[in-house]
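One structure below.
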Amino acid sequence: MITQFYSIRTVEEALACVEAGADHLGLVPPQGLPGEISLETMREIVAAVGGRARCVALSIHTNVGELRQMVEVVQPDILHLCPLAHEITPTILRELRKSLPSNLPIMQAVSVVGPESVAEAVAYAAVADYLILDTQAPSIPGVGASGATHDWKISRAIVDQVSVPVILAGGLSPENVAESIRIVQPWGVDSFTHTNLRTVDGRVEKDISRVRAFVDAARAASSE
């Protein structure tokens with residue numbers, strides 16, 4: 001069971017998450033999103049991790065120039081695209097791939113809102129290397145970071161109908177990740193909001209004890 005954590009902000013935080021068992025580290029560039037960091041810091045984290053975990057670079061944009069610049073500077077292991085659905089259709093994604101390095105896997109976000117999300121996910125799965133099933137927040141310009149769960153039965157239907165690896169996201173915590181795995185049977189699970197803590201100056205950083213608890217709960221559930 002793959003565990004993925006957003007948003008990693010420093011080299012020290014990244015290495016602590018790796019030691020806690022994280023498999024994927026999510027990095028957010030400057031795009032007006034929670035936990036964003038500079039491209040240079042993203043690159044420092046990728047270099048420091050050195051393959052001990054896979055570094056995932058997120059974007060809510062589809063501009064080819066912006067994406068190519070981020071990929072060239074950061075050199076991530078995976079590109080996570082999470083614009084709103086009308087901004088990146090499967091057709092747009094297919095064309096976008098032609099302008100990106102051919103060996104760069106793409107993780108496409110799907111906002112799970114109802115049964116119609118199954119057909120949407122199936123269409124994306126024909127183009128993307130991974131799907132991440134998330135919950136959209138009205139206040140955030142992209143899919144994810146809502147801290148809220150969605151209907152896991154719909155996510156399970158998606159898992160049953162696609163052949164690409166599926167990561168479940170949206171409101172997952174050390175307390176509910178095991179149940180989500182039992183219901184959805186995903187390839188991986190993702191956490192942002194519920195493995196965070198707020199510092200005295202209002203910044204968000206990872207709560208490493210909760211990261212470790214999340215990893216332990218996910219691994220235990222996947223081995224049942």
In sequence, state the C-alpha distance, the side-chain angles, and the governing distance for Thr3 and His24, and then conclude on side chain to side chain contact (heavy atoms under 4.5 Å, CB included).
CA-CA 6 Å; Thr3 56; His24 287 186; over 6 Å; no
Take Arg43 and Glu40 through the test side chain to side chain contact (heavy atoms under 4.5 Å, CB included) and record every step on the way to the result.
CA-CA 5 Å; Arg43 177 57 193 154; Glu40 292 72 21; 5.7 Å; no
Let me see the working for Gln108 and Val127 under side chain to side chain contact (heavy atoms under 4.5 Å, CB included), right down to the final yes or no.
CA-CA 9 Å; Gln108 175 62 45; Val127 189; over 6 Å; no
Go through the steps for Leu96 and Leu81 under the test side chain to side chain contact (heavy atoms under 4.5 Å, CB included), then give the verdict.
CA-CA 11 Å; Leu96 185 62; Leu81 297 177; 3.8 Å; yes
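Taking each heavy atom of Val162 and Ala121 in turn, the nearest pair found is CG1-O, 4.2 Å. Asp77 and Cys55 make their closest contact through OD2-N, 2.7 Å (heavy atoms, listed as atom of the first residue, atom of the second, distance). Nearest heavy atom pair, residue Gly170 against residue Thr135, reads CA-OG1, 3.7 Å. Of all the heavy atoms in Val46 and Val74, the pair that sits closest is CG2-O, 3.7 Å. Between Ala22 and Val215, the shortest heavy-atom contact is N-CG2, 4.2 Å. Closest approach of Gly171 to Thr149, counting heavy atoms only: O-CG2, 3.7 Å.
Remark: the Thr195 side chain and the Asp207 side chain contain no N/O donor-acceptor pair separated by less than 3.5 Å. Side-chain atoms of Gln31 and Ser59 form a donor-acceptor pair, as typed in the model, at a separation below 3.5 Å.
Note on residues 161-188: pairs passing side chain to side chain donor-acceptor pair (under 3.5 Å), not counting sequence neighbours, are Ser173-Glu175, Ser173-Asn176, Glu175-Arg210, Glu179-Arg182, Arg182-Glu224.
Side-chain contact between Val164 and Tyr124 is absent, with no heavy atoms from C-beta onward closer than 4.5 Å. Counting heavy atoms from C-beta outward, Thr41 and Thr10 have side chains that stay 4.5 Å or more apart. Put simply, the side chain of Pro105 reaches to within 4.5 Å of the side chain of Arg54, judged on heavy atoms. The shortest side-chain heavy-atom distance between Leu25 and Cys17 falls under the 4.5 Å cut-off. No side-chain heavy atom of Met70 sits under 4.5 Å from any side-chain heavy atom of His61. For the pair Val184/Val166, no side-chain contact is recorded, criterion being any heavy-atom separation below 4.5 Å from C-beta on. By the 4.5 Å heavy-atom criterion applied to side chains, Ile45 and Ile37 are counted as neighbours. Side-chain contact between Leu168 and His150 is present, with at least one heavy-atom pair separated by less than 4.5 Å.
No side-chain donor-acceptor contact under 3.5 Å links Arg97 to the backbone of Arg94. Checking side-chain atoms of Glu13 against main-chain N and O of Lys206 turns up a donor-acceptor pair under 3.5 Å. A side-chain donor-acceptor contact under 3.5 Å links Arg219 to the backbone of Gly21.
Not counting sequence neighbours, the partners of Ala157 by the side chain to side chain contact (heavy atoms under 4.5 Å, CB included) test are Val118. With sequence neighbours left out, the side chain to side chain contact (heavy atoms under 4.5 Å, CB included) criterion links Asp216 to Arg212.
Clustering ILVMFWY residues whenever any of their side-chain heavy atoms sit less than 4.5 angstrom apart, transitively, puts Ile132 in a cluster other than the one holding Val113. Under a hydrophobic-cluster definition in which Ile, Leu, Val, Met, Phe, Trp and Tyr are linked whenever side-chain heavy atoms come within less than 4.5 Å, directly or via other members, Ile208 and Val11 are assigned to different clusters.
Distance check, rounded to the nearest 0.5 Å: CD of Glu120 to CG of Leu133 gives 10.0 Å. Rounded to the nearest 0.5 Å, atoms CG (Leu27) and NE2 (His80) are 12.0 Å apart. Considering CZ of Arg68 and CG of Leu100, their distance stands at 6.5 Å, rounded to 0.5 Å. Rounded to the nearest 0.5 angstrom, Asp134 CG and Asp190 CG are separated by 6.5 Å. Between Phe5 atom CZ and Asn196 atom CG the span is 10.5 Å, to the nearest 0.5 Å. Separating the CG atom in Leu39 from the CD atom in Glu44 is a distance of 11.5 Å, to the nearest 0.5 Å.
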